[in-house]
Structures are given as C-alpha cells and as structure tokens.
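Throughout, a chain's letter reflects where its sequence line sits, starting with A, and its residues are numbered from 1.
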Number of protein chains: 2
Amino acid sequence: MARTGRPRGFDMDEALDQAMHLFWEHGYEATSLSQLKAAMGGISASSFFAAFGSKEALFRTVLDRYAQTHGQVVAPLHDPALKPRDAVEQALRGSARMQTDPAHPLGCFVVLTTANSSPENRHLQTLLATERQRNRDGLRACVERAVARGDLRADTDVTGLATVLDGVLVGLATQARDGVPLSALDAGITAALGVWDAHAAPAAARKRKAA
Amino acid sequence: MARTGRPRGFDMDEALDQAMHLFWEHGYEATSLSQLKAAMGGISASSFFAAFGSKEALFRTVLDRYAQTHGQVVAPLHDPALKPRDAVEQALRGSARMQTDPAHPLGCFVVLTTANSSPENRHLQTLLATERQRNRDGLRACVERAVARGDLRADTDVTGLATVLDGVLVGLATQARDGVPLSALDAGITAALGVWDAHAAPAAARKRKAA
DNA sequence: TTGCTTCTGAACCAACCGATCCATATATTA
DNA sequence: TAATATATGGATCGGTTGGTTCAGAAGCAA
C-alpha cells in the first residue's frame, strides 16, 4: 500500500532528531520556528505546518520520541522482573552515560527543556513534571519492593532513601550540563548506592523472608 | 548628603524583590520587560532603563541580591571555621528549607533561571554555571578537609562522596519545584549524610590524627 | 494523459521584543 | 529664585515572534 501523492522532500526521522536536539539544548520557548525549520533541512513554514501542525505539537511528538529512545534508560525502574537494586543501579548508570554522551546535548531533556517558561506554557511544564513524577514513583516502588522482599531492612526509611536516589537522578541533568565528567558521576552513583547497601538486610534475614 | 534631583517614584528594594521573583519563577528569557515593569510598580520603560540600564543589567543586580540573601544558605560550604560535616549538613538543610519556602518561588534561582536559553545569552548561562561550580568546589573542599582532619577515612572516595552531595544539592531545585515536601527532602538529606558517616573514621583514628 | 495528493516558496498577519528619545515634572543646593 | 540633577510619561524605533494562507510546482497511480 504505497502512499499516493508527492513524497516528502525531507527526511522525517532526521528532522525529528534535529528538532529534538534544538529543544534539548535551548529549551522549548527559546527554540524559534526559524531555527527549527533551518535545522530540519531548511523546510518552509508551510511544510512545517503541514507536517507537524504547530510548534507545540512538534514538541509533543519529539517528547514521545525521546521517551521511546534516550528516555528508555529509566525503564528498569518500572520493570518488576528486575531485582530492585539492579533496577535502580541500571537506571542511574544508564542515565549518567546517556546524559554525558557527546552525540547529543548534555543533560536530560525531561528536566531541562521546560525548566523555565512563560505562564502560557505551564501545561507543558506540568507535562514534563508528570514524567519526572513517574520516575520518582518508580524509585519509591523499587525501594518498597526491596523492603517487601527482605532485601532491605524493615526499618528502612523508604522516603529518605527514595528521595536521595531521586535527587541524584534529577541532579544528573545539571551536573552533566555543567560538564561534570561521566567518571565523577559514576563515582557519585556508587556512593549513592552505598546508602542502599547500608540498609541491606543481613543474608540471614533475606533467606528467612524468602522461605 | 541627600541626593539631589527628583526622587524615585517607586520603592527600589521592593522592585528588585519583585523582579527577582519573576526571574526566579519564569527564568531570564521568559520574563518580558512589560512583566517586569508591571511588577515593579507599573513603572515606564524610560524609568526602567534609567534605573537599571537594561534587562541583563537588572538580572545581574538581582543575582547579586539573591547571592547576598537567599543564596547565603550555601555559605557554610566556604566557612573553614565549621566542622566539614556540619558545613555540609547546614548547607543542604538550609537549601532545602529555603527552596520550599512559600514566601517566594520554589527551587533554586541559580539552577533554574537560565536552565534553558538562546545562544545569545550563553554568557549568562555560564555565569550561573560558574556559581554552581563554586558550590561543587566548596563541597569537595569540605570532603578533602574532613579527610585531612581525620574525620573521614583516608581511603574515602573523595570524588564520589563530593559528587553525590552535589547531586543532592542541585537536585533539590527540581524536586522542590515539583512539589516534593520539605519533610521528604530532609529525609533524603539524612540518608545522603549516611554516606558520609559510612566513611567516618573510627574515633581512635581521629584522635591519632589530632595528636 | 488524467486526477489526486502533497510539498514549496513567498507573502502576510497581529503581537510583542528590548531599547531609545524627548519634553516635562519634581526634588535639592546655592 | 536660579541652577542643577534626576525621574517620569509617552511616542516610537527596527526586528522577531509563532502562526497562516495561497497559488502553483512536483510526484505518483490509474
């Protein structure tokens, strides 16, 4: 079922990637239509409008794309098949590696693109805030699951542990953007996981729970 | 020596506070001159430029003001008279309390106001990045000093510990803005300080060092 | 070739951006 | 009162913003 009509004059995938990079680096509002058009193969305004609907619609498309690709680094948080500590470590290390990858702008799209915006774009701000809340909930769920499994002691401060891990996770965005090298971020993550291990239940308790 | 000439028709202090709140909440670029003028007592454009020089000059003035007031919460990091761990704890808890204070916008001015901006304002971005680096250096200095004093074990991973504390510190900005309550942030800080304590040297070693 | 679809370039819109100029108003100092 | 110094209101600058419309060219299937 080949599509009829004149084929698109630009590469859609590449255009979306370029748009993503612009939003990623400069944020939603600071990225102008002309920048987007220029970066997307120099397409015209009408092509832009026909293909994407509006600047905001493009942003939502790009956000989806990000979530399906780079954003997958936090997917382990929502995978109940993983051991909680492994899920957390994978999410943190994966985020650090992704956010310092020179192949694209530094830091995290979800944290940075609407960090500041005008009141008329509050709905976009809350859209990304919701996304961050998902990670926060995922981290907390991991900690709770670890306590339930007996991996962590029953008296573990769930809120405290989940909040540190979330702080480190969202902190990565600013640190990466500021040029903190991946090696330092990894060392920080190792230190943060030390908090987890400090609350680890003795093997005996874990066995007891498993039985 | 009273100043000659027609007196200002608006309260300078209050105007600067209002401008700070606008920048704080919406960021540098997303805050327009008309918003600023309206918030600063409905002053005219000429009054604005006569009093502050330009939007950017106003921003720098406001940034100084912030550093001298709210920003003082991180001053302990640079106070060698404090015990390193106390300095870190005071800075973290003070930041959390300040950033969740409903008397002004949530989060941290230094982290949020230029989180995203156009290329032509890169110098402002780097200005704030320098400020963040100061905190990063301060945290590292605290950790190094603690090792030198014998408070922390000699084999402590200085980079890892400093990075995790910095991550928590800059992470506060996003967490506070997302509405994470102060109680949770405080619990997170307690947990983060657990990393420090896990590297604490036994009292015997500390005494040996002091002798 | 005939339809049909989609893309393209150019022109256009009202609104807003930060910034500047000038004439006027209001205060202190001599 | 005269001289001086500063602040004010209002008009206005050129440029850019995001968003839209339209006539026509370009490609594909039948």
Open item on the list: Of the options dG19(D), dG9(C), dG9(D), whose atoms approach the side-chain atoms of Lys55(A) most closely?
Closed with: dG19(D)
TODO: Take the protein atom CG of Asp11(B) and the nucleotide atom P of dT8(D), then report the distance between them rounded to whole Å.
DONE: 12 Å
Open item on the list: Tell me the interatomic distance from Leu58(A), atom CG, to dG19(D), atom P, rounded to whole angstroms.
Closed with: 10 Å
TODO: Examine the base of dG10(D) for any acceptor or donor lying under 3.5 Å from a partner atom in the side chain of Ser44(B), and report the outcome as yes or no.
DONE: no
Task: Protein-nucleotide distance (Glu56(A), atom CD; dG18(D), atom C1'), rounded to Å - done: 12 Å
Open item on the list: Heavy atoms only, 4.0 Å cut-off, all strands: where does Thr31(B) land among base, sugar-phosphate and nothing?
Closed with: sugar-phosphate
Task: Minimum-distance nucleotide to Ser46(A) side chain [options: dC17(C), dA7(D), dT8(C)] - done: dT8(C)
Open item on the list: Need to verify one output field. Residue with the more 5' nearest nucleotide on DNA chain C, Ala50(A) or Ser34(B)?
Closed with: Ala50(A)
- [ ] Have a look at Phe52(B) and say if it touches a base, only the backbone sugar-phosphate, or nothing, with a 4.0 Å heavy-atom cut-off.
- [x] nothing
TODO: Return the value, rounded to whole Å, for the distance between atom CG of Asn121(A) and atom P of dG18(D).
DONE: 11 Å
TODO: Select one nucleotide: of dT8(D), dG9(C), dC17(C), the one nearest the side-chain heavy atoms of Ser32(B).
DONE: dC17(C)
Task: Atom-pair distance (CZ on Phe48(B); P on dA11(D)), nearest Å - done: 21 Å
Task: Between dC13(D) (C1') and Leu33(B) (CG): distance, integer Å - done: 14 Å
Task: Closest to side chain of Ser54(B), choosing from dA19(C), dG19(D), dT8(D) - done: dA19(C)
Task: Arg97(B)/Asp186(B) under side-chain contact (heavy atoms from CB on, under 4.5 Å): CA gap, chis, key distance, verdict - done: CA-CA 9 Å; Arg97(B) 192 171 351 103; Asp186(B) 255 324; over 6 Å; no
Open item on the list: Without decimals, in angstroms, what is the distance between Lys37(A) NZ and dA11(C) P?
Closed with: 13 Å
TODO: Using only side-chain N and O atoms of Ser47(B), determine if any of them is under 4.0 Å from OP1 or OP2 of dT8(D).
DONE: yes
Task: Arg93(A) side chain to Ile189(A) backbone, donor-acceptor under 3.5 Å - done: no
Open item on the list: Closer than 3.5 angstrom, by distance alone: can the side chain of His199(A) be matched with the main-chain N or O of Val158(A) as a donor-acceptor pair?
Closed with: no
TODO: With the side chain of Phe10(B) defined as its heavy atoms from C-beta on, choose the nearest nucleotide among dC7(C), dT8(D), dC17(C).
DONE: dT8(D)
Task: Atom-to-atom span, NE2 of His26(A) to C1' of dT17(D) - whole angstrom - done: 17 Å
TODO: Verify whether the ring centers belonging to Phe109(A) and Phe23(A) lie closer than 6.0 Å.
DONE: no
Task: Side chain Arg153(A), main chain Ala198(A), donor-acceptor under 3.5 Å - done: yes
TODO: Report which part of the nucleic acid Ala51(B) touches: base, sugar-phosphate, or nothing (heavy-atom distance under 4.0 Å, all strands).
DONE: nothing
